[in-house]
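A short write-up of the structure that comes next.
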Amino acid sequence: MSRQQRLELLRLCLLQRLFEERVLALYRQGRIVGSVYTGRGQEAVAAAAGLALGPDDVVCPLNRELACHFARGVTVAEAFRNFLGRADGPTRGRDGNMHFGVPAKGVFPLVSMLGDLVPVTVGAAFACKRRGERRVALTFIGEGAFSVGDTHEGLNLAGVWHVPAVFVLQSNRYSYSTPVERQMVNTNLAERIEGGWSIPAERVDGTDALATFAAVRAAVERARSGYGPQAVEALTLRIHGHAAHDDARYVPAELREAYADRDPVARLEERLRLDGVAADELAAVREQAREEVERGLREAEASPTPDPSELEDGVWAAPLAPPDAAR
Amino acid sequence: MSRQQRLELLRLCLLQRLFEERVLALYRQGRIVGSVYTGRGQEAVAAAAGLALGPDDVVCPLNRELACHFARGVTVAEAFRNFLGRADGPTRGRDGNMHFGVPAKGVFPLVSMLGDLVPVTVGAAFACKRRGERRVALTFIGEGAFSVGDTHEGLNLAGVWHVPAVFVLQSNRYSYSTPVERQMVNTNLAERIEGGWSIPAERVDGTDALATFAAVRAAVERARSGYGPQAVEALTLRIHGHAAHDDARYVPAELREAYADRDPVARLEERLRLDGVAADELAAVREQAREEVERGLREAEASPTPDPSELEDGVWAAPLAPPDAAR
Amino acid sequence: MPAYATATVEITYLEAVTQALRDALREDERVFLLGEDIGVFGGAFGATKGLLEEFGPERVLDTPISEEGFVGAAIGAAWMGERPVVELQFADFATCALDQLLTVAAKTHWRSGLALPLVVRAPSGGGIRGGPFHAASPEGLFVGQPGLKVVCPATVEDAYGLTRAAIEDPDPVLVFEHKALYRRVRAAAPPVSLRTPLGRARVAREGTEATVVTYGACVWTALEAVELLGADVEVLDLRTVWPFDGEAVLRSLGKTSRVLVLQEASRSTGVAGLVLSLVARLGFELLDAPPALHAPPDTPVPFAPELEDAYLPSSESTAEELERLLAY
Amino acid sequence: MPAYATATVEITYLEAVTQALRDALREDERVFLLGEDIGVFGGAFGATKGLLEEFGPERVLDTPISEEGFVGAAIGAAWMGERPVVELQFADFATCALDQLLTVAAKTHWRSGLALPLVVRAPSGGGIRGGPFHAASPEGLFVGQPGLKVVCPATVEDAYGLTRAAIEDPDPVLVFEHKALYRRVRAAAPPVSLRTPLGRARVAREGTEATVVTYGACVWTALEAVELLGADVEVLDLRTVWPFDGEAVLRSLGKTSRVLVLQEASRSTGVAGLVLSLVARLGFELLDAPPALHAPPDTPVPFAPELEDAYLPSSESTAEELERLLAY
Ligand SMILES: Cc1ncc(C[n+]2csc(CCOP(=O)(O)OP(=O)(O)O)c2C)c(N)n1
Ligand SMILES: Cc1ncc(C[n+]2csc(CCOP(=O)(O)OP(=O)(O)O)c2C)c(N)n1
Ligand SMILES: [Mg+2]
Ligand SMILES: [Mg+2]
C-alpha cells in the first residue's frame with residue numbers, strides 16, 4: 001500500500017470522524033432533526049472498504065460507513081445536504097441522515113430494513129458476472145443484521161451463483177442495546193460464513209486501518225478474478241450509542257476500557273508517524289479534512305430547502321395518470 | 001428399541017405407504033382434486049420422528065410426513081377426510097391434501113410457506129421451557145427449505161434461547177425439480193447446523209428406520225433434558241415426483257438406481273425378518289395396515305361434504321360485527 | 001400543539017401503554033413480551049421501561065433482529081396457550097414480519113380451529129422527522145385480512161383499554177401506537193379494569209352537520225379542525241380499523257348526511273378505501289354530498305420538516321376540507 | 001365453461017405469456033428470468049417451458065427457495081441496468097417477498113431517482129382447487145403502494161401485451177397471471193409488436209345500462225353474466241389495477257350511471273375499495289343507484305369444490321347482482 005494510499009486512508013477516516021462530530025454538534029443545537037447514526041470507532045473499516053474498490057465497482061453502505069461514501073466520490077456537501085434535508089441533496093430532502101446513496105457514483109441508497117441489501121448486492125454482482133465485466137459489488141453486514149433471514153438468503157445465492165460479491169462483516173459487538181452474545185451463540189462470523197456458505201472469510205482487527213484495507217483489497221481482487229464471493233469480518237466496538245439519543249450506558253465499563261486505546265483514527269496517525277510521515281504533514285491532513293468538512297457544511301447550509309409542491313414527483317420513473325384526480 | 005416398538009415403526013411406515021398409494025389411485029381416478037404430495041422413500045423418517053416423541057410433545061410435520069401424524073394419533077379417516085375435503089375433516093374441507101394438522105393431538109396445521117414453521121416450533125419449545133414442562137417441539141426442514149430466511153431466523157432463536165426444539169432435516173436431494181447442488185454449495189446440513197448455530201446435529205441414513213429412530217429419540221431426550229436444541233439430518237432420495245403431476249424425469253437414472261434397493265419399508269421388513277420376526281407376523285402387520293387404510297377411506301367417503309353456508313364461520317375465534325353488513 | 005390537559009395525576013399515552021403491559025404481566029402468567037431492545041433498553045420509545053426489572057428476562061425478552069423469527073415464535077407460544085406480546089421497533093418493519101402474520105397467524109383459526117392469541121405492538125406514524133422508514137402508517141397492509149384484528153389507539157384511555165383487550169382477545173391483534181401521541185397526549189390514569197371493546201368506534205365529539213371518520217393521531221387533528229371551523233361536526237374515532245365498526249359509521253352518517261374520511265396513511269392505503277366503499281354502497285341514500293377523503297398523497301413519508309408538514313393532514317387543511325364538504 | 005374461440009392458429013393465455021418472455025429474451029440482452037423450477041422443469045405451470053433450452057442457464061435461472069433473496073437479487077440486477085423477470089411459483093408467496101418489493105423496489109426511485117426496471121410474474125387466482133395457499137389473489141397487498149405498478153391480464157392479447165410492456169417499463173411491475181385462464185382462454189397469436197399500455201383500462205363490452213368494473217378472470221365472468229342477463233351492460237377491464245385508470249371508470253359511469261365492481265379477491269382486499277372510493281367521491285353526481293360490489297367473502301380461498309364454487313363469483317351470481325343494480 002503506497003504512502004499516498006495510506007494518507008488517503010487517513011484522510012477518509014478523518015473526514016468521517018470530523019463530519020460526524022460536526023453532525024452531532026448540529027444535532028445538539030437542534031439544527032439537524034430526526035435520528036443521527038454515526039460510526040465512531042469504525043471509520044477504518046468504512047474507509048478501507050471504500051478505498052479497496054475499483055472505480056467501476058459498486059457498493060451498498062449502511063449507517064456507519066460514511067467514509068465509504070467519500071471514498072466513492074460522494075462529497076461532504078452532498079452528505080450534509082441529506083442530513084439537513086435540502087432540495088439539492090441526494091434524496092432531495094425526502095430522506096435524512098445516512099439513509100441515502102448516490103447511484104451515479106455507484107452507491108446504492110441505503111434502506112433501513114436490515115438484510116435487504118445483501119441480496120441486492122448479490123444481484124448487482126450477478127449482473128456484472130453475466131455481462132463478463134470485471135466489476136465487484138460490496139456491502140456491509142452488522143453482526144445484528146446477520147440474524148436477518150435476508151442476509152442468509154443472500155449469502156446462499158452468492159455462493160450458488162458464484163458471483164463477485166464482497167461482504168464486510170461489521171462485528172462491533174452491539175446491535176442497538178443488544179450484545180452479540182444475545183444475538184447469536186457462535187459469534188465467529190468469519191468461521192460461520194466459510195463453513196456454512198463456503199465463502200472464504202478472513203477476520204481482521206477493524207481498528208487497524210492498514211490490516212483491514214489489506215484484507216478487503218485481497219477479497220475484492222479474488223472476487224474480481226473469478227473466485228466467487230468473499231468475506232471479511234472486521235472486529236470493532238461501537239464505542240458510542242446506537243444513535244445520538246442513546247448514551248450506551250448498557251456497554252460495560254471494562255469493554256469500553258478495552259477499546260480505549262484502539263481508536264482507529266489515532267492508531268492510523270500513530271502508525272503513519274512510525275512509518276516516517278512527518279507530524280506536520282499529518283496535522284495538515286487533519287486540517288484539510290476539517291476545512292473540507294466546514295466548507296461542505298457551508299455549501300449545504302446555503303442549499304435550498306425542498307418545495308412541497310414537488311413532493312409527488314418521481315414516485316414512478318414513468319408516471320401513470322393517477323387514479324385519483326382529486327388531489 | 002423393543003420388538004413391539006419396531007413393529008409399531010413398521011406399521012406406521014406401512015400406513016403411510018399404503019395410504020399414499022391409495023391416495024394416488026384416487027387422484028388418478030379424479031376422486032381427489034388439487035395437488036397430492038406424498039413421501040415415498042421417506043416414510044421411515046416420518047414414522048421414526050413421530051414415534052420418538054413423548055405423549056405431551058408437539059410437532060409441525062410437513063408434506064412428506066404422514067406417518068408422523070399417525071404416530072401422534074391422527075387417524076387414517078381424518079387424513080382421508082382432508083384429502084377428500086370433507087366437512088368433518090381436520091380443516092372442514094377448507095384446505096386439502098397434507099395441508100392440515102390436528103391441534104388437539106399436538107400437531108400444528110401445516111402451512112405451505114416453507115420456513116414459517118421453524119420459528120413456530122421454536123416458540124412452542126420456548127413456551128414449554130418457560131413453564132418448566134419437560135416437553136419437546138419438533139419440526140422437519142427440507143434441504144430446499146433450508147434456503148429460506150425464516151429457517152435461519154428460527155435456528156438462531158432456538159440457539160440463543162436454548163429451547164427444547166428438535167429439527168429433523170429431510171435431505172432428499174430435491175426441491176421440486178431443483179437438485180441440492182443448485183440449492184446450496186455446502187450440502188452437509190448437519191455440519192452447517194452444528195458449526196453455524198451450535199446445535200448438535202447427527203447425520204443418518206433416512207432409509208434405515210431403526211437408525212433414524214435411534215438418532216431422533218436421542219435428540220429428543222437431549223432436548224427434553226435441558227441440552228437445548230438438537231438436529232438430525234436424514235439422508236434420503238425423493239424417489240417420486242414433487243407432487244402427483246410430476247414424473248421427476250429430471251432425476252438422473254443413476255441416482256434412482258442408487259436408491260433402488262433402499263426402500264425404507266422393504267429394508268425395515270427385511271431387518272425385522274433378520275431379527276427373528278416371523279414372515280406371517282410381518283404379513284399380518286401389512287395386512288392390518290391395508291385394512292386400516294381401506295376402513296379409514298370408507299369412513300371418510302361416508303363423511304358429509306362441507307356446507308357453503310358455513311364458509312365464514314371461524315375466520316376469527318371471537319368474531320366482530322363485520323364492517324360490511326351487505327353480505 | 002395544544003396540551004390536552006395538565007393536572008398532575010395524569011399519565012401520557014406512552015405511560016398508558018407501559019401500564020397496560022405491566023398490569024397484564026401482573027395479572028396473567030401467560031403474558032410475556034418479546035422484541036428488539038425492549039429489555040435492558042426499555043424499547044426504542046421506552047414503552048417497556050422498568051418491565052425487565054420487575055418481571056425478569058423470561059418474561060421480557062430481547063430478541064435478535066429477526067421479525068419473521070420472533071413473530072413466528074410468538075405464534076408458536078400462542079399455540080401452546082401463552083399470551084405473547086411482540087414489539088416491532090418501528091411499524092415500518094411490519095413488512096419484515098408480514099408473511100408470518102398473513103400466512104400463519106391470520107389463517108390458522110379458520111383452517112383448523114386453533115386460536116392464536118397474539119399481540120403485535122408497533123410504533124407508527126409521522127411527525128417526528130422519521131422519513132420513509134420510520135414514520136409509516138402501514139395498517140392498510142393488514143386491514144381487510146381475514147383472521148386479523150387491527151387497532152389504532154388515539155387516547156390515553158384506549159392506549160390502555162385497547163392494549164388490555166388485545167392481550168385478552170383470542171385472535172391475533174395488531175396494535176399500531178402513534179409515536180407522535182406518546183408524550184403529547186395526557187389524561188387521568190385509567191382504572192386497571194378498563195377494557196376498550198374491540199370493533200367499536202367512539203364518538204369523540206357529537207355533531208350534526210357532518211361526520212369525520214378517522215383514527216389514531218388524526219382524531220386530535222379532526223377535533224382541532226372542528227374547533228377552528230366552529231362548525232357542529234361529529235368526530236368518529238374508529239379505534240379498531242379492522243374489522244371496523246361499519247354500523248357506527250352509518251349511524252353517524254344517518255345523523256349528519258355528510259362524511260369526510262381523514263387518515264394519516266397515504267391516500268390509497270390505510271382504511272379509507274373500505275370506509276368509503278361502505279359509505280357509497282350502504283349509505284348512498286343518506287348522503288347529501290359526495291363523501292370526501294383527506295389524506296397524504298401517494299408517496300412515502302418524507303423526512304424534511306417542510307415536506308413532512310405539508311404531507312401530513314393538519315387541523316388547518318382538515319378544516320378547509322370540512323368547509324368544502326359543508327358548502328356542498 | 002364456454003371456449004372463447006377454437007380456430008387452429010390460436011394460442012392460449014399461457015402460450016402468450018411464454019411467447020412474451022421468449023420475444024423479450026430474443027430482443028433484449030438485458031432480459032433474464034429467475035425463479036424456482038423455471039429452468040429444467042419450465043415452471044410449475046409451464047410458463048417458461050423451452051426457454052432454458054433456447055437461452056441457457058445464464059438467462060433462465062433456477063433459484064434456491066428464497067423469495068426475498070431472489071427478488072432482492074433482481075433489484076440489484078435492475079440497479080445495474082438489467083431487466084430481470086422474476087417468477088413466483090404461486091402468487092400466494094408474494095407475502096414472502098413483500099419486504100423487498102415495498103421497501104426497496106417501491107421506494108428507491110422516489111428517494112433517489114434510481115429506476116428499478118423489474119418484473120415479478122405470479123400465477124394467481126382460484127378455480128383449480130388450490131386452497132388457502134395456492135389460489136389467492138393477493139394483488140391488494142400492492143395496490144395503492146407508491147412506486148409499484150400492478151397488472152392483471154385477462155386476455156391472450158394482454159397476457160402478451162402487458163407482459164412485454166411491463167418488461168420495457170422502467171418501474172417495478174407485478175404481473176398477476178390467472179391460473180384458471182392459462183389453458184382456458186385462446187385467441188390469435190398477437191404480433192411481436194403488441195404492447196398493452198400500462199394504466200389504461202379496456203372496454204371489453206360496450207353498454208349503456210350499467211358498468212361492471214373488473215379485471216383478471218372476472219372479466220370473462222362479467223361477459224358471461226351480461227349474456228345471461230341479456231342487458232346492455234358495459235364491461236370495463238381495468239387491466240392495470242394500480243395505478244388504475246380512474247378516468248375510464250368515471251367516463252363509463254358517466255354513460256351508464258350504474259356501477260358494479262366485480263373481483264375475485266376477498267371483498268375487503270383487492271382493488272374494489274379504491275374503485276368504490278373513487279366512484280363515491282368523484283362520480284357521486286353521475287350515480288343513479290348505489291354502487292355495488294360483488295366479491296368473495298372475507299375468508300381465505302377454500303379447497304373443497306363445494307366451497308370454492310360457492311366462494312368464487314360466478315356468471316350466475318354476477319347476473320343476479322347486476323339485476324339488482326338495474327332494478328334500483
Ligand atoms: C429488519 C430491521 N429490524 C429492525 C431494525 C431497527 N434497527 C436499526 S439498526 C439496528 C441494530 C443493528 O445492529 P447491527 O446490525 O449490529 O449494526 P450496528 O448498528 O451495530 O452497526 C436495529 C435493530 C431495522 N433497521 N431493520
Ligand atoms: C416460501 C415458499 N416458496 C415456494 C414454495 C413452493 N414449494 C412447495 S414445496 C417446494 C420444494 C420444497 O423442497 P424441500 O424443502 O427440499 O422439501 P421436499 O419437497 O423435498 O420434501 C417448493 C419450492 C413454498 N411452499 N414456499
Ligand atoms: Mg453491531
Ligand atoms: Mg428436498
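What you see is a predicted model; the values in this text were computed from it and never measured. Per chain, numbering begins at 1; letters A, B, ... match sequence-line order. Both backbone and side-chain heavy atoms feed into the values below; hydrogens, waters and symmetry mates do not.
- The greatest number of non-hydrogen atom pairs below 4.5 Å with chain B, out of D:Pro132, D:Gly130, D:Ala44, D:Ser66, is found for D:Pro132.
- Looking only at heavy-atom pairs under 4.5 Å with chain D, the residue among B:Gly144, B:Gly85, B:Pro306 that has the most is B:Pro306.
- With a threshold of 4.5 angstrom between heavy atoms, D:Pro300 does not approach chain B through any atom at all.
- Proximity to chain D is limited to the side chain of B:Val315, based on heavy atoms less than 4.5 angstrom apart.
- With a 4.5 Å cut-off on non-hydrogen atoms, B:His242 does not touch chain D at all.
- Under the 3.5 Å distance criterion, the side-chain polar atoms of B:Gln183 are matched with a main-chain donor or acceptor of D:Ile65.
- In this structure, D:Asp37 and B:Ser175 approach most closely via the heavy-atom pair OD1-O, 3.4 Å.
- Proximity to chain B (any heavy atom under 4.5 Å) is restricted, for D:Gln89, to the side chain, taken from C-beta onward.
- Using a 4.5 Å cut-off between heavy atoms, B:Leu114 touches chain D through its side chain atoms alone.
- Looking at B:Asp307, only its backbone comes within 4.5 Å of chain D, counting heavy atoms on both sides.
- For B:Arg92, the part sitting under 4.5 Å from any heavy atom of chain D is the backbone (N, CA, C, O) and nothing else.
- One finds the CZ atom of D:Phe133 at 13.0 Å from the OG atom of B:Ser35 (value rounded to the nearest 0.5 Å).
- Of the candidates B:Asn97, B:Ile32, B:Val33, D:Arg129 forms a side-chain contact (heavy atoms from CB on, under 4.5 Å) with just one, namely B:Val33.
- With chain D as the partner, the residue from B:Gly142, B:Ser177, B:Ser309 showing the most heavy-atom pairs under 4.5 Å is B:Ser177.
- Residue B:Tyr174: no heavy atom, backbone or side chain, is found under 4.5 Å from chain D.
- Between D:His134 and B:Tyr37, the ring-plane angle classifies as tilted under the 30° and 60° cut-offs.
- Proximity to chain D is limited to the backbone of B:Ala145, based on heavy atoms less than 4.5 angstrom apart.
- Both the backbone and the side chain of D:Tyr311 come within contact range of chain B, each with at least one heavy atom under 4.5 Å from a heavy atom of that chain.
- The greatest number of non-hydrogen atom pairs below 4.5 Å with chain D, out of B:Leu311, B:Thr91, B:Leu84, B:Val148, is found for B:Leu311.
- When all heavy atoms are compared, the tightest approach of B:Asp246 to D:Phe41 is OD1-CE1, 3.5 Å.
- Contact annotation for D:Glu306: both backbone and side-chain heavy atoms come within less than 4.5 Å of a heavy atom of chain B.
- By the side chain to side chain donor-acceptor pair (under 3.5 Å) test, D:Thr63 pairs with no residue at all, sequence neighbours left out.
- Not counting sequence neighbours, D:Glu15 has no partner by the salt bridge (Lys or Arg N to Asp or Glu O under 4.0 Å) test.
- Heavy-atom distances place the backbone of B:Asn82, and not its side chain, under 4.5 Å from chain D.
- Among D:Gly39, D:Gly131, D:Pro302, the residue with the largest count of heavy-atom pairs under 4.5 Å with chain B is D:Pro302.
- When D:Ile128, D:Thr299, D:Asp309 are compared by the number of non-hydrogen pairs under 4.5 Å with chain B, D:Thr299 comes out ahead.
- For B:Arg256, the CZ atom counts as densely surrounded, since its 6.0 Å shell holds more than 12 non-hydrogen atoms of other residues, nucleotides or ligands.
- Within the model, atoms CD of B:Glu310 and CG of D:Leu307 stand 9.0 Å from one another, a figure rounded to the nearest 0.5 Å.
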Verify side chain to side chain donor-acceptor pair (under 3.5 Å) between D:Asp62 and B:Thr178, making sure each step is shown before the conclusion.
CA-CA 7 Å; D:Asp62 276 324; B:Thr178 306; 4.8 Å; no
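- The shortest distance between side-chain heavy atoms of D:Pro64 and B:Phe146 does not fall below 4.5 Å.
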